[in-house]
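Structure first, then comments.
Hydrogens, waters and symmetry mates play no part in the numbers below; they use all other heavy atoms, side chains included. Whatever order the structure lists them in is the order used to number ligands and atoms, beginning at 1.
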Amino acid sequence: MQFRRLGRSGLKISEISYGNWITHGSQVEEDTAVACVHAALDEGITTFDTADVYAGTRAETVLGRALKGQRRESLEIFTKVYWPTGSGPNDRGLSRKHIMESIDGSLRRLGTDYVDLYQAHRYDHETPLEETMRAFEDVVRQGKALYIGVSEWRAEEIAAALKIADERGFDRIVSSQPQYSMLHRVIEAEVVPLCEREGIGQIVWSPIAQGVLTGKYLPGQAPPPGSRATDDKSGADFVKVWMGDEILRRVQELRPVAQDAGLTMAQLAVAWVLQNPNVSSAIVGASRPEQIRDNVKAVGVKLEKDLLARIDEILGDAVVSDPSHTSSPAVRP
Ligand SMILES: NC(=O)c1ccc[n+]([C@@H]2O[C@H](COP(=O)([O-])OP(=O)(O)OC[C@H]3O[C@@H](n4cnc5c(N)ncnc54)[C@H](OP(=O)(O)O)[C@@H]3O)[C@@H](O)[C@H]2O)c1
């Protein structure tokens with residue numbers, strides 16, 4: 001494993017992190033979830049990402065149990081707040097009330113006294129930004145989180161938060177958690193340049209486009225049994241954005257590119273996001289331990305310019321790059 005600094009902070013995190021969205025507490029049984037976490041630890045992954053909302057809060061509980069007995073100082077545990085964790089109007093969003101209540105719930109479920117990184121899972125248009133930043137500051141001062149970050153915030157939203165933090169002497173945001181893959185590059189135009197200037201690192205999600213960039217989904221054919229596209233709890237709904245035949249056809253054309261680089265297609269996808277120096281870590285998901293063992297081999301891989309150009313040519317206009325795709329709900333969900 002190799003480690004990168006989380007933005008300009010002093011925190012080092014593993015280049016590949018393991019995240020448990022869709023899988024733990026939902027798609028996979030607990031023994032498989034635990035086996036995946038242990039495979040991640042065996043491969044040198046120290047950084048784990050989850051959220052209060054995943055699997056209706058069960059994902060944090062499963063991760064907490066899977067990490068039980070590990071040396072806390074050797075782990076970086078990340079969670080998030082924003083999406084609903086209950087039916088009430090205050091069980092969601094980034095109000096002081098919900099942040100203060102949600103961090104306590106997350107710590108209890110994860111079985112830890114603190115998380116290393118606490119992230120705003122979206123921008124909350126119904127809470128004054130200053131209220132959110134002050135609540136995050138208090139969470140940090142209480143020792144419940146060591147660093148704060150955001151997820152899927154636009155460049156101007158991040159800039160506004162930094163301005164408040166600087167004016168008030170609050171802790172600054174150190175990380176941004178956007179979707180980023182060969183197919184989804186919307187952060188490159190605005191978010192990355194701002195974050196490079198401001199010392200914010202990207203912890204990127206769905207680097208394999210939820211499994212699509214492994215090449216296992218073939219155009220015009222039924223998805224393989226057990227894959228996310230067959231998960232009727234929620235996985236199939238989320239992955240369908242990448243399941244059009246034209247995208248699947250172009251992805252198949254990446255196969256010889258991966259072969260020429262001596263990589264599996266999953267490794268090529270993970271290595272691709274790690275070529276961006278503003279990326280601190282790629283958060284991979286896995287429904288089976290062998291997927292983690294495959295994907296971690298992307299660590300330290302250097303992709304040459306001509307190979308990157310071949311990827312761009314093959315994917316062409318299937319790539320999503322308009323920065324307006326970064327957005328948060330206008331009202332709380
Ligand atoms: N902040 C946010 O809003 C947000 C949103 C989404 C995700 N995330 C974070 O990002 C993490 C990763 O997201 P993701 O799970 O979509 O990432 P991903 O790594 O793009 O996709 C992971 C899925 O692809 C399949 N896969 C992975 N490696 C494979 C391999 N070597 N061979 C075959 N199939 C393979 C597995 O699904 P199957 O085996 O089921 O096909 C696996 O669960 C999440 O857990 C979460 O922590 C954050």
Side-chain angles (χ1 to χ4, degrees), residues 16-28 32-33 36-37 39-40 43 45 47-55 59-60 62-63 76-83 117-123 149-153 175-184 187 202-217 223-243 251 258 263-274 281-298 325-329 333:
I16 296 188
S17 347
Y18 177 49
N20 71 356
W21 175 57
I22 292 188
T23 51
H24 297 187
S26 182
Q27 183 195 6
V28 304
T32 304
C36 286
V37 169
E43 295 295 337
I45 290 176
T47 308
F48 293 86
D49 184 74
T50 186
D52 55 357
V53 67
Y54 292 170
E60 286 184 329
V62 173
L63 182 63
E76 302 84 44
I77 302 176
F78 298 174
T79 195
K80 319 185 191 79
V81 55
Y82 170 84
W83 294 102
L117 181 71
Y118 199 41
Q119 304 158 99
H121 210 158
R122 288 297 180 271
Y123 187 89
V150 297
S151 174
E152 292 295 330
W153 281 30
S175 66
S176 149
Q177 187 178 131
Q179 179 174 183
Y180 188 49
S181 69
M182 287 179 207
L183 286 167
H184 192 89
I187 57 171
Q202 311 297 325
I203 311 160
V204 304
W205 60 267
S206 295
I208 315 172
Q210 304 194 47
V212 167
L213 287 168
T214 66
K216 68 181 174 181
Y217 299 111
S227 61
R228 184 171 294 184
T230 64
D231 170 40
D232 54 15
K233 288 196 199 98
S234 67
D237 242 15
F238 281 109
V239 72
K240 73 175 179 224
V241 59
W242 299 121
M243 295 292 288
V251 168
L263 301 170
T264 66
M265 288 178 74
Q267 291 159 5
L268 178 71
V270 177
W272 187 92
V273 300
L274 290 173
S281 186
I283 319 172
V284 300
S287 66
R288 289 193 271 286
E290 51 275 24
Q291 294 175 345
I292 294 180
R293 290 193 276 268
D294 177 7
N295 303 347
V296 291
K297 298 199 181 72
H325 279 91
T326 300
S327 71
S328 299

among protein heavy atoms, the one nearest atom 40 (O) of ligand 1 is Gln27 NE2, 2.8 Å
Looking only at protein heavy atoms, what sits closest to atom 28 (N) of ligand 1 is Asn295 ND2, 3.0 Å
Atom 44 (C) of ligand 1 has as its nearest protein heavy atom Trp21 CB, 3.4 Å
One finds that the ligand 1 atoms under 4.0 Å from a non-hydrogen atom of Lys80 are 1 (N)
All heavy atoms of Ser181 vs all of Val273, minimum pair found to be CA-CG1, 3.8 Å
Check whether any side-chain heavy atom of Gln27 lies under 4.5 Å from a side-chain heavy atom of Lys233, and answer yes or no.
no
Residue, atom and distance of the protein heavy atom nearest atom 15 (O) of ligand 1 read Arg228 NH2, 2.7 Å
**Prompt:** Do Glu152 and ligand 1 have an N or O pair less than 3.5 Å apart?
**Reply:** no
Asp49 meets the salt bridge (Lys or Arg N to Asp or Glu O under 4.0 Å) criterion, sequence neighbours left out, with Lys80
Honestly, for Asp294 the part within reach of ligand 1 (heavy atoms, under 4.0 Å) is side chain
In this structure, atom 21 (O) of ligand 1 is nearest to the protein heavy atom Gln210 CA, 3.3 Å
Using non-hydrogen atoms of the residue, decide whether Asn20 is closer than 4.0 angstrom to ligand 1.
yes
At under 4.0 Å between heavy atoms, what of Ala209 touches ligand 1? The answer is backbone
Would a distance-only check, ignoring hydrogens and angles, find a side-chain to backbone donor-acceptor pair under 3.5 Å from Gln119 to Thr79? yes
Minimal heavy-atom distance between Gln210 and Arg228, with the atoms involved, is OE1-NH1, 3.0 Å
Among Ser206, Gly149, Ala120, the residue with a heavy atom nearest to atom 18 (P) of ligand 1 is Ser206
Is there a polar contact between ligand 1 and Gly19, counting only N or O atoms under 3.5 Å apart?
yes
Check: Under 6.0 Å between the ring centres of Trp21 and Phe238?
Finding: yes
Worksheet item: If only atom types and distance count, is the side chain of Thr47 paired as donor or acceptor with the main-chain N or O of Ser17 below 3.5 Å?
Response: no
Polar contact flag for Asp49 and ligand 1 (N/O pairs, less than 3.5 Å)
yes
So for Gln119 against ligand 1, with non-hydrogen atoms under 4.0 Å, the contacting part is neither
If we number the atoms of ligand 1 from 1 as shown, the ones under 4.0 Å from a heavy atom of His121 are 1 (N), 2 (C), 3 (O)
For atom 1 (N) of ligand 1, the closest protein heavy atom turns out to be Ser151 OG, 2.8 Å
Ala59 and Asn20 have their tightest heavy-atom pair at O-ND2, 3.0 Å
Distance col, row Arg122:CZ vs Trp83:CH2, nearest 0.5 angstrom, shows 5.0 Å
Checking heavy atoms under 4.0 Å, the part of Phe78 that sits near ligand 1 is neither
Heavy-atom proximity to atom 19 (O) of ligand 1 ranks first, among Gly226, Gly211, Gly285, for Gly285
Among non-hydrogen protein atoms, atom 32 (N) of ligand 1 lies closest to Thr214 CG2, 3.8 Å
When distances are taken from atom 41 (O) of ligand 1, the protein heavy atom at minimum range is Lys216 NZ, 2.6 Å
For Ala266, the atoms of ligand 1 under 4.0 Å from one of its heavy atoms are 31 (N)
### Task
Would you check whether Phe238 reaches within less than 4.0 Å of ligand 1, judged by its heavy atoms?
no
The answer for which part of Ser287 has a heavy atom under 4.0 Å from ligand 1 is both
- Task: Look at the side chain of Tyr217 and the backbone N and O of Trp242, then say whether any donor-acceptor pair between them is shorter than 3.5 Å.
- Result: no
Atoms of ligand 1 under 4.0 Å from any heavy atom of Ala286, numbered from 1 in the order shown, are 42 (C), 43 (O)
(message) Measuring only between side-chain heavy atoms, which start at C-beta, is Val284 closer than 4.5 Å to Pro207?
(response) yes
With sequence neighbours left out, the residues meeting ring pair (Phe, Tyr, Trp, His ring centres under 6.0 Å) with Tyr118 are Phe136
Among Trp205, Trp242, Tyr82, the residue with a heavy atom nearest to atom 8 (N) of ligand 1 is Trp205
| said: Using the rule given for side-chain contact (heavy atoms from CB on, under 4.5 Å), can you reason through Thr23 versus Cys36, listing the C-alpha separation, both sets of side-chain angles and the distance that settles it, and then say yes or no? | reply: CA-CA 10 Å; Thr23 51; Cys36 286; over 6 Å; no
Exercise for the section: Test side-chain contact (heavy atoms from CB on, under 4.5 Å) on Met265 and Val251 and set out the steps. Expected result: CA-CA 9 Å; Met265 288 178 74; Val251 168; 3.8 Å; yes
For Val284, the atoms of ligand 1 under 4.0 Å from one of its heavy atoms are 12 (C), 19 (O)
**Asked** Do side-chain atoms of Gln177 reach the backbone of His121 as a donor and acceptor pair under 3.5 angstrom?
**Response** no
- Item | Pair Asp294 + Lys297, salt bridge at N-O below 4.0 Å | no
Any heavy atom of Ala269 under 4.0 Å from ligand 1? The part involved is neither
- Message: Using modelled atom types and a 3.5 Å cut-off, is there a donor and acceptor pairing between side-chain atoms of Tyr18 and backbone atoms of Ala286?
- Response: yes
- Query: Taking distance alone, with no angle check, do Ile208 and ligand 1 share an N/O pair under 3.5 Å?
  - Reply: yes
All heavy atoms of Tyr123 vs all of Tyr82, minimum pair found to be O-CE1, 3.7 Å
Between ligand 1 and Gln177, is the shortest N or O to N or O distance under 3.5 Å?
yes
*Check if Tyr217 has a non-hydrogen atom at a distance under 4.0 Å from any atom of ligand 1.*
yes
The answer for which part of Glu290 has a heavy atom under 4.0 Å from ligand 1 is neither
